[in-house]
Amino acid sequence: TLFVRFVSDFESNYYENEIPLDISDTTAVAGLNVNTDQYRDEVWRAANDMDLELALLRELKQERNDLGIPITDLYSADYQPTDSVLHRISLRGNPNLGFAKVFMIGVKGAEDLTGAERSVEVWVNELRLEGLDERGGVAAIARADVQLADLGTITAAVNYNSIGFGALDNSVQERSREKTFGYDFAGYFNLDKFFPQEWGLRLPLYVQESRTVSTPEYDPYDFDIVLEEKLDRADPADRDSLREQTQDITRISAINLTEVGINPQGGNQGRPAPWDIENFSLSVGQTRTQRSDPFIASEDTRESTAALD
């Protein structure tokens with residue numbers, strides 16, 4: 001039999017696909033032109049074609065995990081694609097197709113060959129990947145700017161992009177593999193408008209609230225398992241918490257008072273002095289950033305600033 005391993009390492013974490021080999025008849029091609037169909041059909045027998053859907057490896061892993069079989073055990077299942085021989089697919093450990101950068105190709109003896117001699121020549125050719133996921137995606141953004149006369153302005157924005165979104169010239173691997181939703185609210189207000197004008201008070205307030213949530217297509221702990229498929233198999237009561245564990249969530253809250261002070265009044269008597277209160281301004285602010293992702297349960301950063309000019 002011929003086997004191909006998709007590996008993270010060769011012994012403990014791998015997927016494997018195995019097919020029986022149909023040996024060519026060397027006497028049948030003797031004297032034939034190598035460029036003829038008859039020669040090619042005999043040497044490259046259709047029965048030896050290996051045709052594997054990678055999704056089956058993912059399903060095999062999910063099936064093993066659902067059954068509670070130890071990951072150190074070799075777990076196998078048979079699969080027969082259309083117009084091909086019976087394939088045996090197996091896995092051991094916790095391999096990830098996302099990390100498979102090495103292939104092992106080998107031949108196994110179908111029986112004990114101790115004391116016997118065999119001479120075999122095996123050619124493996126045209127290893128290729130077909131049927132890439134070329135789904136398109138969508139993206140949208142909405143923004144509103146509201147002017148509140150001389151009181152201030154309010155800006156609100158919402159953005160969304162789906163899995164598969166990318167530029168027209170992006171290749172498949174360059175397109176988005178996560179779903180992102182976010183909103184941003186910001187307001188700038190002249191609070192001094194609520195006080196008598198003769199006070200000359202200057203009191204600008206800036207506030208911001210934003211949140212961005214990115215949900216990956218694949219489980220960040222098992223890079224070849226589709227997240228939604230994993231959630232469908234989970235207990236309904238646990239789905240929301242499991243989804244949140246896989247998301248990258250960032251929330252930013254900010255409030256600032258900038259250059260708070262008193263404007264000079266034209267009616268002041270006497271010469272201005274350096275210590276006059278009109279010559280000073282105060283700025284204070286606080287920003288809070290809350291973040292979580294599959295590997296950080298909670299990160300809470302607070303930054304406070306103050307300045308006197």
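None of these values were measured; they are calculated from a predicted model.
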Backbone N/O of Asp25 and side chain of Glu42: donor-acceptor pair under 3.5 Å: yes

Looking only at the side chains, is there a donor atom on one of Thr180 and Ser214 sitting less than 3.5 Å from an acceptor on the other? yes

Kindly give the heavy-atom pair with the smallest separation between Met50 and Ile19, and that separation in Å. CE-CG1, 3.9 Å

Could you go through Asp224 and Lys61, starting from their C-alpha distance and side-chain angles, then the distance that decides it, and tell me whether this counts as side chain to side chain contact (heavy atoms under 4.5 Å, CB included)? CA-CA 9 Å; Asp224 50 4; Lys61 179 193 280 190; 3.1 Å; yes

Look at the side chain of Asp300 and the backbone N and O of Gln290, then say whether any donor-acceptor pair between them is shorter than 3.5 Å. no

Derivation of the salt bridge (Lys or Arg N to Asp or Glu O under 4.0 Å) call for Glu209 and Arg251: CA-CA 8 Å; Glu209 180 73 23; Arg251 181 181 178 183; 2.5 Å; yes

Taking the side chain as every heavy atom from C-beta outward, state whether Leu203 and Phe195 have any pair of such atoms under 4.5 Å apart. yes

Could you walk me through whether Thr155 and Arg143 pass side chain to side chain contact (heavy atoms under 4.5 Å, CB included), step by step? CA-CA 7 Å; Thr155 300; Arg143 179 185 174 94; 3.4 Å; yes

Test: Arg92 and Asp73 ion pair at under 4.0 Å: no

Can you tell me how far the CZ atom of Phe194 sits from the CG atom of Leu151, to the nearest 0.5 Å? 5.0 Å

Glu217/Arg177 ion pair, N-O < 4.0 Å: yes

Which value, rounded to the nearest 0.5 Å, describes the distance between Asp22 atom CG and Asp49 atom CG? 11.0 Å

If we ignore hydrogens and angles and just use 3.5 Å, is the side chain of Asn48 paired with the main-chain N or O of Leu21 as donor and acceptor? no

Residue pair Arg88, Asn17: steps toward the side chain to side chain contact (heavy atoms under 4.5 Å, CB included) verdict: CA-CA 6 Å; Arg88 174 166 286 265; Asn17 186 36; over 6 Å; no

Minimal non-hydrogen separation, Pro216 against Leu227, with atom names: O-CD2, 3.5 Å

Just by distance, do the side chain of Asn13 and the backbone of Asn94 share a donor-acceptor pair under 3.5 Å? yes

Report yes or no: do Ile89 and Leu2 belong to one cluster of Ile/Leu/Val/Met/Phe/Trp/Tyr joined by side chain heavy-atom distances under 4.5 Å? yes

Does any non-hydrogen side-chain atom of Ile225 lie less than 4.5 Å from one of Asn96? no

May I ask whether Tyr221 and Leu91 are part of the same hydrophobic cluster, defined by side-chain heavy atoms of I, L, V, M, F, W, Y residues being less than 4.5 angstrom apart, directly or through others? no

Test side chain to side chain contact (heavy atoms under 4.5 Å, CB included) on Thr1 and Val107 and set out the steps. CA-CA 6 Å; Thr1 61; Val107 178; over 6 Å; no

Are the side chain of His87 and the backbone N or O of Asp51 linked by a donor-acceptor pair below 3.5 Å? yes

In a check of salt bridge (charged side-chain N to carboxylate O under 4.0 Å, His left out) between Arg58 and each of Glu229, Glu63, Glu53, which one passes? Glu229

With the threshold set at 4.0 Å, does a side-chain nitrogen-carboxylate oxygen contact exist between Lys230 and Asp232? no

Considering residues, nucleotides and ligands other than Glu244, do more than 12 of their heavy atoms fall under 6.0 Å from its CD? no

Would the distance check show the side chain of Asp293 and the main-chain N or O of Phe295 forming a donor-acceptor pair, the cut-off being under 3.5 Å? yes

Applying a strict under-4.5 Å side-chain criterion to I, L, V, M, F, W and Y, I'd like to know whether Val226 and Leu97 cluster together. no

Considering non-hydrogen atoms only, spot the tightest contact between Val43 and Ser24 and give its length. O-OG, 3.2 Å

Test side-chain hydrogen bond (donor to acceptor under 3.5 Å, both in side chains) on Gln247 and Thr215 and set out the steps. CA-CA 5 Å; Gln247 293 175 325; Thr215 306; 2.9 Å; yes

Do the side chains of Met104 and Val4 get nearer than 4.5 Å, heavy atoms only? no

Any non-hydrogen side-chain atom of Leu231 less than 4.5 Å from a side-chain atom of Arg243? yes

How would you list all residue pairs meeting ring pair (Phe, Tyr, Trp, His ring centres under 6.0 Å) that involve residues 1-28, not counting sequence neighbours? Phe6-Phe103

Supply the atom-to-atom distance Ile163 CD1 to Arg135 CZ, rounded to the nearest 0.5 angstrom. 6.5 Å

To the closest 0.5 Å, what do you measure between CG (Asp145) and OG1 (Thr153)? 7.5 Å

Strictly by ring pair (Phe, Tyr, Trp, His ring centres under 6.0 Å), give each pair with a member in residues 122-181 just once, sequence neighbours left out. Trp44-Trp123

Taking Ser283 for the side chain and Glu259 for the main chain, is one N or O donor matched with an acceptor at less than 3.5 Å? yes

Is there a donor-acceptor contact under 3.5 Å from the side chain of Tyr75 to the main chain of Gly93? no

What I'd like to find out is whether the side chain of Arg64 reaches to under 4.5 Å of the side chain of Ile71, using heavy atoms alone. yes

Glu299 atom CD: more than 12 heavy-atom contacts under 6.0 Å: yes

Shortest non-hydrogen separation from Phe189 to Leu148 and the atoms involved: CE2-CD1, 3.9 Å

How long is the gap from CZ on Arg291 to CD1 on Ile252, to the nearest 0.5 Å? 11.0 Å

In terms of hydrophobic clusters joined by side-chain contacts under 4.5 Å, are Val146 and Tyr188 together? no

Nearest heavy-atom neighbours spanning Ala139 and Asn161: CB-CB, 3.8 Å

With rounding to the nearest 0.5 angstrom, report the CD to CG distance, Gln245 to Asp219. 10.0 Å

Please determine if Glu228 and Arg239 form a salt bridge, counting it only when a charged side-chain N lies under 4.0 Å from a carboxylate O. no

Counting C-beta onward and ignoring hydrogens, is there a side-chain heavy-atom pair between Val158 and Ile141 closer than 4.5 Å? no

Same apolar cluster: Phe185 and Leu205, side chain cutoff 4.5 Å: yes

With distance as the sole criterion, is a donor-acceptor pair present between the side chains of Asn263 and Arg202 under 3.5 Å? yes

Looking only at atom types and distance, does a side-chain atom of Asp235 sit under 3.5 Å from a main-chain N or O of Ala237, one as donor and one as acceptor? yes

Could you tell me which non-hydrogen atom of Asp184 sits nearest to which non-hydrogen atom of Ser210, and how far apart they are? OD1-CB, 3.4 Å

In short, ring pair (Phe, Tyr, Trp, His ring centres under 6.0 Å) pairs touching residues 134-155 with sequence neighbours left out are none

Tell me whether Glu174 at atom CD has more than 12 heavy atoms from other residues, nucleotides or ligands lying less than 6.0 Å away. yes

